[in-house]
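Order of appearance sets the numbers: ligands from 1, and atoms from 1 within every ligand.
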Amino acid sequence: MLIAQISDLHIQADGKHKELIQAERHLTTCIQALNRLAPRPDLVVITGDLTERGRRQEYMTLKPLLAELDMPYLLIPGNHDSPAMLREVFHEHAYLQRGPASDSPFIQYVIDDWPLRIVALDTTIPMRSEGGLCAERLQWLSDTLAQAPEAPTLILMHHPPFQTGIREMDELGLLTGREAFAGIIAPYHNIERILCGHLHRTMLCRVGPTVASTCPGTAHQIVLDLKPDAQALSFNFEPPGYQLHWQGAHGLVTHHAVIGEFPGPHPF
Ligand SMILES: [Fe+2]
């Protein structure tokens with residue numbers, strides 16, 4: 001199985017950075033790059049911050065852009081999203097209607113249709129930038145993993161379950177439920193990867209029995225600044241990218257790819 005991951009699209013209806021970031025143009029370029037891939041990914045997973053403010057207009061802008069993908073895609077919300085508005089605009093995505101309980105505001109789902117079982121968690125907290133996992137969502141994770149302890153599994157979640165070293169993002173990280181999450185996954189050696197967004201750049205970290213990773217943004221990136229006293233979060237236009245998670249003989253291999261026109265890469 002071949003899975004493409006993109007993240008943090010930040011489609012924006014208005015605002016002072018809309019023209020600067022040009023999120024729609026960048027997403028279109030990204031989708032064109034994914035559609036040119038051979039072999040074609042079986043699936044695209046999009047790990048949150050689909051929009052900048054979770055507005056209907058932003059999801060209505062996003063939807064026809066994603067319709068250009070030649071392969072199916074799965075969505076999860078990030079802290080910039082509105083799970084309720086996402087459900088409403090992408091109403092035909094039946095999996096988005098599921099949650100840890102039937103009336104839950106959170107979007108959590110499991111999909112068993114692929115060689116890799118996909119377990120999606122909602123780490124958002126309404127009106128907050130930091131993430132968290134409450135008892136309801138953690139119990140659902142525990143129950144869901146117990147249903148298929150041998151199946152190769154991917155967990156999708158926007159906020160990564162590890163400290164990144166980028167100070168301001170760690171202050172907006174998964175601040176509640178992280179230790180409980182680690183305890184729940186600890187016995188499971190079938191979790192191939194925990195795929196995350198939020199950080200707008202590639203990172204890897206061992207988390208218990210598996211590896212957690214973050215994905216670049218499709219438009220703007222977060223500056224790599226590991227100073228413990230870094231004053232303010234800043235963004236830049238390092239090349240955007242995506243990841244390809246390829247299931248081979250030795251497990252899941254993650255490839256990082258950049259998007260755009262450069263002097264290279266080209267064969268020589
Ligand atoms: Fe983001």
(Q) Any salt bridge linking D225 with K227? Criterion: basic side-chain nitrogen under 4.0 Å from a carboxylate oxygen. (A) yes
Q | Neighbouring protein N, O or S atoms of the Fe ion (ligand 1) [cut-off: under 2.8 Å, no waters] | A | D8 OD2, H10 NE2, D49 OD2, H200 NE2
Q: Over 60° means perpendicular and under 30° means parallel, so classify the ring planes of H80 and H10, tilted if in between.
A: perpendicular
**Q.** H93/Y73 aromatic ring centres below 6.0 Å
**A.** yes
Q | H198 and H159 aromatic ring geometry - parallel, tilted or perpendicular at 30°/60° bounds | A | tilted
Q.
Between R201 and E238, does any NZ, NE, NH1 or NH2 come within less than 4.0 Å of an OD or OE carboxylate oxygen?
A. yes
Q: With sequence neighbours excluded, tell me which residues meet side-chain hydrogen bond (donor to acceptor under 3.5 Å, both in side chains) with E171.
A: R167
